Undergrad: 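Got a structure for you, written out below as structure tokens; questions coming shortly.
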Protein chains: 2
Amino acid sequence: MLTAIYTAVGELVGQGADKISFPVIAERAGVNPTTLYRRWPDVNALLEDVAVAALTRDGESVPDTGSLQQDLTEWANIIARDINRPERARYLRAMVAARVDLVANCAITDTRRDQAAEMVRRATERGEKTPTVAQILDHIVAPLYYPVVFALPLDQDHAERLVRDVLALAR
Amino acid sequence: MLTAIYTAVGELVGQGADKISFPVIAERAGVNPTTLYRRWPDVNALLEDVAVAALTRDGESVPDTGSLQQDLTEWANIIARDINRPERARYLRAMVAARVDLVANCAITDTRRDQAAEMVRRATERGEKTPTVAQILDHIVAPLYYPVVFALPLDQDHAERLVRDVLALAR
DNA sequence: TTCTTAGAGCAAAGATTATTGCTTTTGGAT
DNA sequence: ATCCAAAAGCAATAATCTTTGCTCTAAGAA
């Protein structure tokens, strides 16, 4: 039931459907539209729920290679690969469209911040100089998301360049 | 006629209306819905046109203070102030929603790149060491847009910190 | 001035979406 | 097994959006 609905939404978002309405979702999920109208205040709310579910399932473990540079590089590449997948990119845009503040805060930013903090903590323990968590978010995460959100052409080695830059800020 | 339509759209977007349809726009603009249906393929197309018009009219001149640091600081603050205005933020999100690749490329990125290039050029002529244009886009522009797009809380002095960081990359 | 034509309005019809009262199913507790 | 309550389905209705043929207006050309 619920998973059928989530799946339906995921498929619609994934294939870039531009007419995502309750009736459309309901038909694809094999449920009655009324169910959706009764359970969610509007389509955006449902979209939000699905987005949270889709974006928080990060089995992604934080890289732990023994060097901050490698950790960040692997991490940045994981993020880059993830958000550049077409359907993932559409999720992001759909969320932005829906002004899904909650998702933005919880699922994306918080997770990324925690992961960055973890890597910095380990590096500090090893005695490495590190940039701040805020710097990592500003200078790695943001530049990775920016082109995806705005549908700009992605360039190779972006992640590597960002890591190199941010490491120059290590104190 | 056209300006009435654009104005109507602008007002609706500006006040965060979530039901932006041709009939609604038409009524506010005092035109017949048919006109809109016949002239634009769908609402997003109209939104795109309006967004282009709204975002390309940058009378913004590039700062020229005699120092790259000051140029970048003023520039970053101009950008930050601009895109953090609520209705401007909504435009951005609306554009992202509409997958307005064209707008993203032309109006935003290209303009910003040109402006950055101009400041770098001047600084280089003065003999200053500078970061690359790509670095400025990655480490100043992207981090400024990121929180706006994702509706994250904005923090004071963000622009200043970004400029300080990016200048550490100057070569 | 008259003709031409692109664009805008009007109105009717069709399609889709949203709401609501009521019935039916389902899963768990007794 | 039976009962209960929450959730889902159903169907009728309303509201909104979309399409289409036709008419009317206005700006430029002959």
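A note on names: the letters A, B, ... follow the listed sequences, proteins ahead of strands, and every chain is numbered from 1. Because the structure is predicted, anything quoted here is derived from the model rather than measured. The figures here come from the full heavy-atom set of this structure, side chains too, leaving out hydrogens, waters and symmetry mates.
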Undergrad: Output the rounded distance in Å from CG (B:Asp42) to P (C:dA15).
TA: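 Computing the B:Asp42:CG to C:dA15:P distance gives 20 Å.
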Undergrad: Nearest whole angstrom, please: distance from the P of C:dA6 to the CG of B:Leu2.
TA: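 Roughly 18 Å, once rounded to whole Å.
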Undergrad: Tell me, please, which residues at least two apart from A:Arg39 pass side-chain hydrogen bond (donor to acceptor under 3.5 Å, both in side chains).
TA: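 Expected list: none.
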Undergrad: Under 3.5 Å, sequence neighbours excluded: what are the donor-acceptor pairs made by side chains of residues 164-171 of chain A?
TA:
residue: A:Asp165; atom: OD1; partner: B:Gln135; partner atom: NE2; Å: 2.9
residue: A:Asp165; atom: OD2; partner: B:Gln135; partner atom: NE2; Å: 3.4
residue: A:Asp165; atom: OD2; partner: B:His139; partner atom: NE2; Å: 2.8

Undergrad: Considering only residues two or more places apart or on different chains, which pairs with a residue in residues 128-157 of chain A satisfy salt bridge (charged side-chain N to carboxylate O under 4.0 Å, His left out)?
TA: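 Sorted pair list: A:Arg126-A:Glu128, A:Asp138-B:Arg161, A:Asp155-A:Arg161.
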Undergrad: Does a nitrogen or oxygen in the side chain of B:Tyr37 sit under 4.0 Å from OP1 or OP2 of D:dT18?
TA: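 Answer is yes, contact under 4.0 Å.
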Undergrad: Polar atoms only, N or O, under 3.5 Å: list the protein pairs with nucleotides 8-10 of chain C and their distances.
TA:
residue: C:dA8; atom: OP1; partner: B:Arg39; partner atom: NH2; Å: 2.6
residue: C:dA8; atom: OP2; partner: B:Arg39; partner atom: NH2; Å: 3.0
residue: C:dG9; atom: OP2; partner: B:Asn32; partner atom: N; Å: 3.1
residue: C:dG9; atom: OP2; partner: B:Thr35; partner atom: OG1; Å: 2.5
residue: C:dG9; atom: O6; partner: B:Arg38; partner atom: NH1; Å: 3.0
residue: C:dC10; atom: N4; partner: B:Thr34; partner atom: OG1; Å: 3.2

Undergrad: Only counting residues at least two apart or in another chain, list the ones meeting ring pair (Phe, Tyr, Trp, His ring centres under 6.0 Å) with A:Tyr37.
TA: A:Phe22
Undergrad: If the condition is salt bridge (Lys or Arg N to Asp or Glu O under 4.0 Å), which residues does A:Asp42 pass it with, not counting sequence neighbours?
TA: none
Undergrad: Expressed as a whole number of angstroms, how long is the span from B:Lys19:NZ to D:dC17:P?
TA: 8 Å
Undergrad: Can you give me the bend angle of the helix from C:dT1-D:dA30 to C:dT30-D:dA1? Use the axis through the first five pairs and the one through the last five, nearest 10 degrees.
TA: 20°
Undergrad: The criterion is side-chain hydrogen bond (donor to acceptor under 3.5 Å, both in side chains); which residues satisfy it with A:Gln69, sequence neighbours excluded?
TA: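 Scan of A:Gln69 (side-chain hydrogen bond (donor to acceptor under 3.5 Å, both in side chains), adjacent residues dropped) gives none.
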Undergrad: Under the salt bridge (Lys or Arg N to Asp or Glu O under 4.0 Å) rule, collect the residues that match up with A:Arg121, sequence neighbours excluded.
TA: A:Glu118, A:Glu125
Undergrad: Is atom CD of A:Glu27 surrounded by more than 12 heavy atoms (other residues, nucleotides or ligands) closer than 6.0 Å?
TA: no
Undergrad: Taking DNA chain C as the partner, which of residues 3-13 of chain B come within under 4.0 angstrom of it by heavy atom?
TA: none
Undergrad: B:Glu160: what forms a salt bridge (Lys or Arg N to Asp or Glu O under 4.0 Å) with it, not counting sequence neighbours?
TA: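 Partners of B:Glu160 under the salt bridge (Lys or Arg N to Asp or Glu O under 4.0 Å) test: none.
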Undergrad: Residues in side-chain hydrogen bond (donor to acceptor under 3.5 Å, both in side chains) with A:Thr34, at least two apart?
TA: A:Asn32
